[in-house]
Protein chains: 2
Amino acid sequence: MAREPGSGPARRASDRGRYGRLNRERVLAAALDLVDREGLSALSMRRLGAELGVEAMALYRYAPGKDALLDGLVEALYLELEAHLAPAQDSAAESDWRAELHRIALATYRVCLGHPRVVPLLATRMLAVPLAQRPPAVLRDHERVLTLLTEAGLDEARTSAAFRAYTAWLLGYVSVELRPLVDNPDETDPAFRLGLHRMSAQELPTLRSTAPALVEPGGPEGLAAGLDALLDRFA
Amino acid sequence: MAREPGSGPARRASDRGRYGRLNRERVLAAALDLVDREGLSALSMRRLGAELGVEAMALYRYAPGKDALLDGLVEALYLELEAHLAPAQDSAAESDWRAELHRIALATYRVCLGHPRVVPLLATRMLAVPLAQRPPAVLRDHERVLTLLTEAGLDEARTSAAFRAYTAWLLGYVSVELRPLVDNPDETDPAFRLGLHRMSAQELPTLRSTAPALVEPGGPEGLAAGLDALLDRFA
DNA sequence: CCTGGGATGTTTACGTCGTATACGTACATA
DNA sequence: TATGTACGTATACGACGTAAACATCCCAGG
């Protein structure tokens with residue numbers, strides 16, 4: 001094969017990657033895109049390297065390891081959330097804290113809807129990290145929510161309880177709601193989507209009869225309704 | 001090394017495992033125990049085999065693969081739930097549907113509390129499976145909850161909405177509540193548990209000041225309160 | 001212009017993982 | 001006692017995460 005004199009590698013550094021040099025933002029964007037397209041199991045260091053036209057080890061300059069890369073996916077999600085949140089920021093000052101909380105929750109829901117296969121990472125990686133070590137974008141989100149609650153007049157204990165309820169509901173809702181999107185979007189017949197055949201009608205009669213209704217998504221309205229109910233209780 | 005004539009393997013079949021032959025229940029119990037002790041990342045086919053005094057490939061007679069093994073962990077959790085649920089079954093007939101729903105949710109919470117490192121599997125594996133293919137014990141749990149809701153007089157749509165709210169809340173609550181138990185139980189000072197140092201007090205003032213309250217667990221009361229609020233709304 | 005040093009990506013290698021395949025062995029049934 | 005089948009082993013392969021050493025590029029200071 002023809003190569004430069006001096007027996008260097010076949011590719012010049014200026015040709016590296018598909019568009020010049022690597023950086024953390026490009027790495028995370030490529031990882032997010034790969035996971036969106038092919039799922040979490042497709043994300044490996046070698047594969048992501050190939051996606052960027054680079055060897056696997058090159059990625060270690062921008063993430064200390066695979067776990068950090070997964071945390072980076074969560075970070076990317078929250079950065080996208082902030083981008084969606086920013087435009088209405090000035091008008092937000094006028095609306096009350098409750099409406100603003102709804103706005104944030106809905107925006108989070110929408111971002112997750114755009115990246116359903118990343119959602120499991122919220123439960124597995126984000127919550128696994130000890131709060132202060134979470135990505136800055138995540139901490140800023142926490143700060144926004146907590147500020148709204150305290151400015152609403154809640155004391156420390158109630159703020160904490162309301163924050164936990166907010167987080168649990170939002171996380172649980174997107175988890176149960178967005179999963180079906182990943183499963184098998186091809187099959188249109190809800191009966192087969194659920195695999196209702198072979199489910200014994202005598203042992204599980206109620207499940208079998210309500211199953212078609214269960215696949216119907218709750219949508220943003222369901223999220224808002226539950227959030228309202230919880231805020232009534234905890235705030 | 002001394003072995004039987006005929007150049008067979010060194011160990012006789014009657015010595016296999018630590019207590020005789022393998023079966024699915026023993027495999028799942030050993031897997032659950034291993035995960036409880038050392039976490040999900042310690043669960044590999046070879047390691048679990050070693051734990052049972054057996055080669056890795058032997059496990060494939062009782063679970064088609066690693067994924068099925070993880071699903072089996074979820075199954076084991078729900079079997080334990082049923083065991084905790086059974087004793088009060090007759091007295092349950094007298095109590096109203098709402099109290100019974102609380103009883104089930106609380107029992108689920110307690111089971112998860114006993115196996116916190118398995119909880120992430122509920123979000124990643126259980127929800128990923130298309131309902132009808134979930135383990136029988138899981139389906140029976142769904143059936144119990146759905147039956148309570150329909151017997152309470154809810155129509156199909158409201159039952160479905162209430163079921164989704166129940167599932168999302170329970171799953172989200174145990175996810176956010178039981179994770180800190182895994183992190184670093186050694187450090188007693190809540191400030192250091194959170195790693196509050198190095199968290200900029202000027203950029204995240206509210207988070208920093210309410211962080212100590214955030215580590216305080218919500219406990220079963222928080223679960224019950226939120227469930228009540230949601231049932232008020234959805235049922 | 002030259003030159004040296006830090007930043008960036010590559011190469012090679014090791015141990016572990018999930019699992020396909022082929023094989024031996026023990027036990028139940030006849 | 002013979003035999004088929006359920007059970008566990010042996011061996012092997014490719015993919016994975018990543019440590020260590022190396023090659024190359026780019027740019028500041030002479």
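Just so it is clear: chains get the letters A, B, ... in the order the sequence lines come, proteins before strands, and each one is counted from 1. Note that the coordinates shown come from a computational prediction; the quantities given were computed from them, not determined experimentally.
When the P atom of dT24(D) is taken as reference, atom CZ of R21(A) falls 17 Å away, rounded to whole Å. Atoms CE (M45(B)) and C1' (dG14(D)) sit 17 Å apart, rounded to a whole Å. Computed from coordinates, the E55(B) CD to dA12(D) P distance equals 14 Å when rounded to whole Å. Rounded to an integer number of Å, the gap from CG of L22(B) to P of dT9(D) is 9 Å. Between the CZ atom of R61(B) and the C1' atom of dA22(C) there is a distance of 11 Å, given to the nearest Å. To the nearest angstrom, P of dA20(C) lies 15 Å from NZ of K66(B). When the P atom of dC16(D) is taken as reference, atom OH of Y60(A) falls 12 Å away, rounded to whole Å. Between L59(B) atom CG and dA20(C) atom C1' the separation is 15 Å, expressed in whole Å.
In this structure the side chain of L73(A) reaches within 4.5 angstrom of the side chain of L43(A), judged on heavy atoms. M45(A) places a side-chain heavy atom less than 4.5 Å from the side chain of L69(A). Residues P217(A) and E177(A) have side chains in contact (heavy-atom distance under 4.5 Å, counting atoms from C-beta outward).
Taking the six-membered ring where tryptophan is involved, the planes of Y173(A) and Y109(A) are tilted, since the angle between them lies from 30° to 60°.
Judged purely by atom type and a 3.5 angstrom limit, R125(B) has no side-chain atom pairing as donor or acceptor with the backbone of V74(B). Using modelled atom types, one side-chain atom of S44(A) and one backbone atom of R47(A) make a donor-acceptor pair closer than 3.5 Å.
Summary of the strand contacts: A58(A) and R47(B) both lie near DNA chain C, and taking for each the nucleotide with the nearest heavy atom, the more 5' one is attributed to A58(A). Taking the nucleotide of DNA chain D with the nearest heavy atom to each of P64(A) and R46(B), the more 5' of the two is matched to R46(B). Of the residues near DNA chain D, M57(A) and S41(A), the one whose nearest nucleotide (by heavy atom distance) lies more toward the 5' end is S41(A).
Salt bridge present: R37(A) and E51(A) bring a charged side-chain N and a carboxylate O closer than 4.0 Å.
Using a 4.0 Å cut-off, some side-chain N or O of Y62(B) falls inside it from OP1 or OP2 of dG8(D).
Inter-axis angle, ends of the helix from dC1(C)-dG30(D) to dA30(C)-dT1(D), five pairs per end, rounded to 10 degrees: 0°.
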